[in-house]
Protein chains: 2
Amino acid sequence: MVKPDIVFVARLAGVSPATVSRAINHPELVSAATRRKIDLAIEKSGYIRNRAAQAMHGKRSATIGLVMPTISNMIFAEVTQAFNDTVSDQGFTLLLASHGYDLDTEYRLIRKLFEHRVDALAVIGLDHSHGTFRMIAEQRVPVLAIWNYAPDSALPCIGVDNREAGQLAAQHLVALGHRRIGMVFPSTVDNDRARGRQAGAIAVFQAAGVELKDHWRIEVPYNIAQAKSAIAELLGRDDRPTALLCGNDVIAQGAIYAAARLGISIPQALSVIGVGDFAGSAQVEPTLTTVRIPARQIGVSAGQVIVDAVSRSDPDFMVRTRIDLDLIMRASTGMPADARRAG
Amino acid sequence: MVKPDIVFVARLAGVSPATVSRAINHPELVSAATRRKIDLAIEKSGYIRNRAAQAMHGKRSATIGLVMPTISNMIFAEVTQAFNDTVSDQGFTLLLASHGYDLDTEYRLIRKLFEHRVDALAVIGLDHSHGTFRMIAEQRVPVLAIWNYAPDSALPCIGVDNREAGQLAAQHLVALGHRRIGMVFPSTVDNDRARGRQAGAIAVFQAAGVELKDHWRIEVPYNIAQAKSAIAELLGRDDRPTALLCGNDVIAQGAIYAAARLGISIPQALSVIGVGDFAGSAQVEPTLTTVRIPARQIGVSAGQVIVDAVSRSDPDFMVRTRIDLDLIMRASTGMPADARRAG
DNA sequence: AATAGCCTTGCAAATGTTTTCATAGAAAAT
DNA sequence: ATTTTCTATGAAAACATTTGCAAGGCTATT
């Protein structure tokens, strides 16, 4: 019992392979009667069409590649889900790869995706290796950058302006009257998201004359455990800031837990603000003030745009969509103690 | 400028296509000199081999399918990451699909994966539709069930005994002296994980003579927001339990936040236990007592087993690996108030 | 009644690669 | 010097499908 192929099905239905192929891909071209016979033969034989053979014919492979820094982090799980749902509804299957924030690995993974002849490719952010950009240009396949927006991006992009995200967060702290502010960010090498947010925040602080002390600026990985312990160490010192601007909500949650552990009350003694508004940020106690990045919306739009580009088979499409950010004020930020006394 | 294929590269290198193919797949069969020429031609032309054509030849497609209920939930993100890392190291690429806890959707997705001729397939849990089982049997492709262990499973499996997980959690509460216990679980239809845990817990409670009140048992989706609000409602009533056994850590985190919101102190006035030990469970305040499911370990073992089955091309392999559970005692559970007085 | 046009189907070529078999030349053994 | 054994390469078949072209049978039009 070998696997049934299209000629087996054809024989079983008493028609030619060509007709079976048509019945599957262009049902309107074959008469209702033969279609029924063929459906029956397919059912009976357990035939499953071979996409590889189809793709070889220059047709679509019906796959879309998605490359992310990591999957196991709340940060990207939500976009991935939304993106997958959207393209999946249109009959595509997702080829997933994750590179652990390493752009050389990313290059190798993207190459593999091209080997599989993905119909389109989505990547996170606009930071990529030179080789990656060259390969993408050669392949003539629609490629979309997700998560980041830049008006002058080399690739089509759908996402937010991370600089603005940093600004919004910083402005909120400044407006509340904070002057003693700490910053907790992940490494900014190979990570344009974090870099943009940090730059935006620093610009605002400088314009407002807020001095950033070096020992209140720490670098931690995207990881609650390490964020919590590093921040606990920072907050344990004698001289501590009245507010913490965190590179994202994962780190901000770490900050909230660290404060809870040390008995520092939020927002009375410490304000914490994050970026992202991930699942859980609205539920932590105290609930987290953050700059909302609408992950689901980004994933859905990205899916639509990319499916559209594929169906127009337009590798040179250009789209730059800026998704709006919102400052979500919750319970983790407030005026610093001295300002409260003064006001 | 069309895309270079293997004959283009061959011409460029001054050899036959067969030699190029060999240089790529069995480098040891071609002389160092020609290999160099070919590498150069590949580099120069930007050639990327076509896996579809390769797969069509009856060779491996170098893809592995993974079907999950959902990706956007901490629960599965970690296994997915570990599994992906493992198979990716061996040269495979992941085809991902998520069905939103619907087994008919799952059937359709698995069919699509088979269309793409995945070399192997991993699914979550042992609950699947009849059609799915039939299709899997017909396809002669290694299939592995992840996350769940059962000694009599129809499919090879690697995972934990969910019944035991429920028992461990229940025993811990009983041992602490709790008698007034609430249970918060997701829907158990089409979800053997939740079903097993619930059954295990109930068995222990009955054996211990603990009476489970209906109005202390609620059903919520896997979702912090809804878990928190439903639990807050439960805890807001006059008559409330001294302990909450939660179907997993996501729900347990919701319980912790709900208690915090209501000013109910954990563990003095309420004990909370979860199942899973997801990222964050060790950092919440109070830190969460839970039954640890080693997600990373499961993902890695699963990846190894499945790659092994593929390389032996053994569709009928059978493996049943039971991964050990551990009760992780943290700060969210303690003796009930009356027991403390008595003791 | 004859012709034109449409609908349905089959034939065969094409797709990009791998692999079996064959061959030519070189190296080794006699 | 002749035969044997290797090694490196090429020619061609095979893989499962799609599609352009052609043809046969109808219906509709005149």
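To find a chain, count down the sequence lines: A is the first, B the second, and so on, and within it residues start at 1. Computed from a predicted model, the values in this text were never measured in an experiment. Values below: every heavy atom of this structure, side chains too, minus hydrogens, waters and symmetry copies.
Of the side-chain N and O atoms in B:His57, none sit less than 4.0 angstrom from OP1 or OP2 of D:dA16. When the side-chain nitrogen and oxygen atoms of B:Thr19 are compared with OP1 and OP2 of D:dG10, one or more of them lie within a distance under 4.0 Å. When the side-chain nitrogen and oxygen atoms of B:Gln54 are compared with OP1 and OP2 of C:dT17, none of them lie within a distance under 4.0 Å. Between A:Thr34 and C:dT8, a side-chain N or O to OP1/OP2 separation shorter than 4.0 Å is absent. Taking side-chain N and O atoms only, A:Ser21 has no distance below 4.0 Å to OP1 or OP2 of D:dA16. Distances shown here put a side-chain N or O of B:Asn25 below 4.0 Å from the OP1 or OP2 atom of C:dT18.
Backbone-only contact: A:Val15 has heavy atoms under 4.0 Å from sugar-phosphate atoms and none from a base. Contacts of A:Phe8 with the nucleic acid, taken as non-hydrogen atoms under 4.0 Å apart, are absent.
In this structure, B:Leu29 atom CG and C:dT19 atom P are separated by 10 Å, rounded to whole Å. Counting to the nearest Å, the C1' atom of C:dC7 and the NE2 atom of A:His26 are 16 Å from each other. B:Ile24 places its CD1 atom 11 Å from the C1' atom of C:dT18, with the value rounded to the nearest Å. What separates NE2 of B:His116 from P of D:dT17 is a distance of 14 Å, to the nearest Å. Counting to the nearest Å, the P atom of C:dA14 and the CG atom of B:Asp5 are 14 Å from each other. Regarding B:Ile6, its CD1 atom lies at a distance of 14 Å from the C1' atom of C:dT15, rounded to whole Å. Across the protein-nucleic acid pair, A:Arg11 atom CZ and C:dG10 atom P stand 13 Å apart, rounded to whole Å. The nearest whole Å value for the distance from the NZ atom in B:Lys59 to the P atom in D:dA16 is 15 Å.
In the set D:dT9, C:dG10, C:dT9, the nucleotide with an atom closest to the side chain of A:Ala18 is C:dG10. With C:dT19, D:dA8, C:dT17 as the candidates, the nucleotide lying closest to the side chain of B:Ser31 is D:dA8.
Of the two residues near DNA chain D, B:Arg117 and B:Ser16, the one whose nearest nucleotide lies more 5' is B:Ser16.
Under the 4.5 Å side-chain criterion, counting only non-hydrogen atoms from C-beta, A:Arg60 is in contact with A:Ser313.
Applying the ring pair (Phe, Tyr, Trp, His ring centres under 6.0 Å) criterion to A:Phe8, with sequence neighbours excluded, gives no partner residue.
In this structure, A:Tyr222 and A:Tyr101 have tilted ring planes: the angle between them lies in the 30° to 60° band. Aromatic ring orientation, B:Trp147 versus B:Phe76: perpendicular (interplanar angle above 60°, classes split at 30° and 60°).
Using modelled atom types, one finds a donor on one side chain and an acceptor on the other under 3.5 Å when comparing B:Asp192 with B:Asn148.
With hydrogens and angles left out, the side chain of B:Arg22 and the base of D:dG10 share a donor-acceptor pair within 3.5 Å.
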